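In the text below, chain A, chain B and the rest are named by the order of the sequence lines, each starting its count at 1. For clarity, every value in this text was computed on a predicted model and none was experimentally measured.
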Amino acid sequence: MSHHVTFQDLPEGGEKFDPARGSKLIGGFAMAGLIGLIGSAFFFFTRTDTFAYSWLFAVFVAFTVVVGACFWILLHNASNSGWGISIRRLFENLANMILVVGLFALPLLVPAVQNPLWEWMAHHREAAHHAHDSGETVKEALHHMAQADSHLHILVEKFGYLNIGGWHVRFFLYFTILWFIASTLRKRSVMQDSDGNIKHTIWSRQFSCLLLFFFALTATFASVDWLMTLDYSWFSTMWGVYIFAGCAWSSMAVMILLVTWLKSLGYLNKVVTDEHYHLMGKLLFAFTVFWAYIAFSQYFLIWYANITEETRFYLTRNTETWRWVSIFILVGHFAGPFVILLDQQRKKKTRWMVGMCLWILFMHVVDIYWNIIPERGPSLTHGEQWLIPYAWIQDVFALLAVVGGVGFVFLRGLGKFSLYPCRDPRLIESANVVN
Amino acid sequence: MDVAMGNPRSKLPWLVFFGGATGFTVAFLMQFLTQVVIYPTVVQGKPTDIYTLPAFFPVMFELTILFSAFTTLFGLLALIGLPRLNHPLFASKRFPKFSDDGFFVCIEARDAKFTKEGTKSFLEGIGGKNIELVEDEI
Amino acid sequence: MEATSHASAPTPSEPRILEREPLVLNNRSYSWITNRICGIVENKQPFLWWILFIPSVILTGVTVFCFTYLISTGVGVWGQKQPVAWAWDITNFVFWIGIGHAGTLISAILFLTRQKWRTSVNRAAEAMTLFAVMCAGLFPGFHVGRVWMVWFLAPIPNANAIWQNFKSPLLWDVFAVSTYFTVSVIFWFIGLVPDLATLRDRCKPGLRKMLYGMFALGWRGGNRHWSHYETAYMLLAALSTPLVLSVHSVVSFDFATSVVPGWHTTIFPPYFVAGAIFGGFAMVLTLMIPARKIYGLQDLITAKHIDNMSKIILLTGTIVGYAYSMEFFMAYYSANKYELQTFQLRGLYGPSVWYYYCMFGFNVFAPQLFWSRWCRHNLWVVMFVCMCVNAGMWFERYVIIVTTLERHLTPGSWRTFSPTWVDIWTFVGTFGLFMMLFLLFLRFLPVIAIGEVKGVLPQSDPHYDPDREKGIQEEDLMDYPDRHVAKPGTAAATA
């Protein structure tokens, strides 16, 4: 039996991370980011159309991980949990990367990026152009365009939600809400580090309960605006839940890797034990199953009902190369992790978990890729080609740029506060957790 | 307690895993054979070949769970040797207290180190007070 | 305040730890718990029990009569005619099966997430699951019309040489519901075994002792027993969790796999599951609040338990609200005229809009009262909200099923549904059946899992250390006016 950890065992003021000790990894991220950014800048100016998809893909991968972190702190506070106090600060830091992700997302506001990505925007811009000439409203102009191309009628119907102004307002709103949640909770938590006031814990719980609903709306509509509208005729009510499941899953995997890395550098060893690995592993397993449940239900209902405008989404992803990616996701995203994480003891073995988490992150990237990139070929070539040759190189550079950049900033900033909330009234409960 | 006694971890999960696998296979075969091999019927616009697999999934899932649950129940009973409606221990006067707020140590006669006198003195030696010899009536 | 300076003095001037509220109040001992819970079964039932039991039996008789009448006459005695071929019966089926889900949630999911407070309510909730599933099973069973032909649902070779259509959601339902019932029975029974042994050991020799003894299977509580037992319990919890998700998902597939506007929505599976948990928790509270009062179980089912369950109702109610809103949003966003019109008819100007308002008001707005701590701690308010939710969840199923069919794709066949007296009394009668079974359960079986409650007492913790640093409880910290834990000092912690 291990010793019962008390406040006397823990260093006062918590443990501060020294970036110099983690310079290898930080340097690696910096290198990756730098190479990625150079490549991205080149492709951005030379291949804007195809690169737009790459950039959206890369930004969205980072976005999901950060949103997942935001979810975990909200859930942890709202459910009055004790076990995860030792790792909560890391989640808080990760969630605060939302501003960096927002910075990387700025190119998505450039019309030359938007038009190839979101065809509806191109149509709307064309309509605005006509409207400017003829003095009618944009909606009316769109309606006129629809008389020539009947497919555009949908855009007239959706005009109340799907319009360029609204999209941009929402774009800023998503980042603002997430930043507000992340920064407020971290501020409280850091305040507690210095004054030890227990009431911060109660306050954070109430705040998290209230904000959980807004978080859900943000995650949902962000995924609607950025991903679902890639094909403006497609829709699925499950979409927000599906994206959210991936967010929580990937974020937990990042956390396990991060904790392992910090422990290997000698941090957190008093407050994070095997039990935490077990608990995180269980949550990872739970979300493996939850994702599969949501993904299967969505696929299944669309496959079964077989309605033209819905089934197109899966038809694209079930043709040619994408078919193999779909099967790969079924096996790699669900079946593999499911079988491996099923075993109780394995969740406590760090080596297994590190391997598993790297795999999970890879699969998460594949999942996002599979959601975005199949639209690229048909959209840009008007259905002539499924894939654009060698465009995957651009995707790799974009991913390196965003992940490298966000990772670098995140790890550099890790030393700003204690690695765990050192005076949280439930820290001792967390350090001694047994499950 | 398990760690202290050096008990191995229960084998039950393995049994259940195979129980579940059986259920999964049975459900797949039952559906595939009846829907595709024996009596293929085109309904709901679904193909009558392996590509109709998603439609079989709900039943495959349910039977996996059902078989696993049955394996858990019967596996448990087999592993702990129940039901055994009578047991010499039941004759002990103090026995009913175990299910309220007491506990007891039972050393069975088939234990290799068991001797009638030796065990008694061993238990007394470690501070036991209510030591009772329970014998089968037969 | 420096942590190091307190190394010699174990208790600092200000509390640094936020304590959990005790799950069992007033430091009750093991034997107090045994006596109190077994006492319910062993003593005479209070007068109120009979007051509830007799009408329940009568209502059960009503439902038996209605079904007899239905079998002898035909399904036409119910109000459904084309295009509303699914009406109250399927509504009631989904309603009851949803009620059952909270039981499994409490026993399985809360077990896996180590929510210790579940121990006080899980037994009753699981029993409720079984009874609710029984009530649910009646409706589709009789809806098939010729009830003596239901064996056609089983995949056994028959004279017509036709096999069941495994591509049909209705057949998945058969498998899902029967599996759910069977696994719930197993789970419930395994949980009961140690408690049955307790009852057995307390009984005088006789028929009762024999029966309890038989069902206790000769449980001796040995360490190897417990070791395997706990593994089995954990496995069943792990099996029940996906099962409970799947059952209501499969029920939702009945609707969502179709191409009917208003039914075909991808969010249906998780939305149905959340709704089921929501409605089930309301029913658990509806049953447990009176039961704890009548049998004096306030120390075991504390205000904290009710508070937690109220919060879950608030959470799931909001999730359900999210799903309602997403449906509406997507009906608009899809730009599908039929889909949109279905929702306009449901919620704005159809013949049954008030059902929609009841649904939304009871399920989404009423639980918002639980944001207030005062409301969560006032049993009348809690009961009021639970009643709203019970009704609201029925309205939800009615809205989904009936109002959709009333205004189908072809305006020529539109028809507004109205129930017959058989519809109404069959449904009312199932409440009698449900209550009767639950009251019998209270009479003969331990309503609270004795063994498990003992496990959450502080003295059961192998690492329990009476000398460790004491903290402060939330109630003392925030100084809530309606505190339910005694002020420190009045109740000293004893091992």
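Proximity of Y180(C) to E62(B): side-chain heavy atoms (C-beta onward) are nowhere separated by under 4.5 Å. Annotation: side chain of T182(C) is in contact with side chain of F70(B) (closest heavy-atom distance under 4.5 Å). Contact check for P242(C) versus F61(B): side-chain heavy atoms found under the 4.5 Å cut-off. Contact annotation: the side chain of P155(C) never approaches that of T34(B) to less than 4.5 Å [non-hydrogen atoms, C-beta and beyond].
Rounding to the nearest 0.5 Å gives a distance of 9.0 Å between CH2 of W163(C) and CG of L33(B). Interatomic distance, T71(B) OG1 to L235(C) CG, rounded to the nearest 0.5 Å: 10.0 Å. We find the OG1-OH distance between T72(B) and Y233(C) to be 13.0 Å, quoted to the nearest 0.5 Å. Rounding to the nearest 0.5 Å gives a distance of 4.0 Å between CZ of F175(C) and CE of M30(B).
Both the backbone and the side chain of S168(C) come within less than 4.5 Å of a heavy atom of chain B. When heavy atoms are compared at a cutoff of 4.5 Å, L243(C) approaches chain B by way of both its backbone and its side chain.
In the displayed structure, F189(C) atom CZ is contacted under 6.0 Å by more than 12 heavy atoms of other residues, nucleotides or ligands. Within 6.0 Å of atom CZ in F28(B), more than 12 heavy atoms from other residues, nucleotides or ligands are found, so the atom counts as buried in its surroundings. Atom CZ of F32(B) has more than 12 heavy atoms from other residues, nucleotides or ligands within 6.0 Å.
Contact count versus chain B (heavy atoms, under 4.5 Å) is highest, among V183(C), V250(C), N165(C), for N165(C).
The two residues I65(B) and L239(C) make their nearest non-hydrogen contact at CD1-O, 3.6 Å.
Of the possible polar contacts, one joining the K167(C) side chain to the T41(B) backbone as a donor-acceptor pair under 3.5 Å is found. Judged purely by atom type and a 3.5 angstrom limit, W172(C) uses its side chain to pair as donor or acceptor with the backbone of A55(B).
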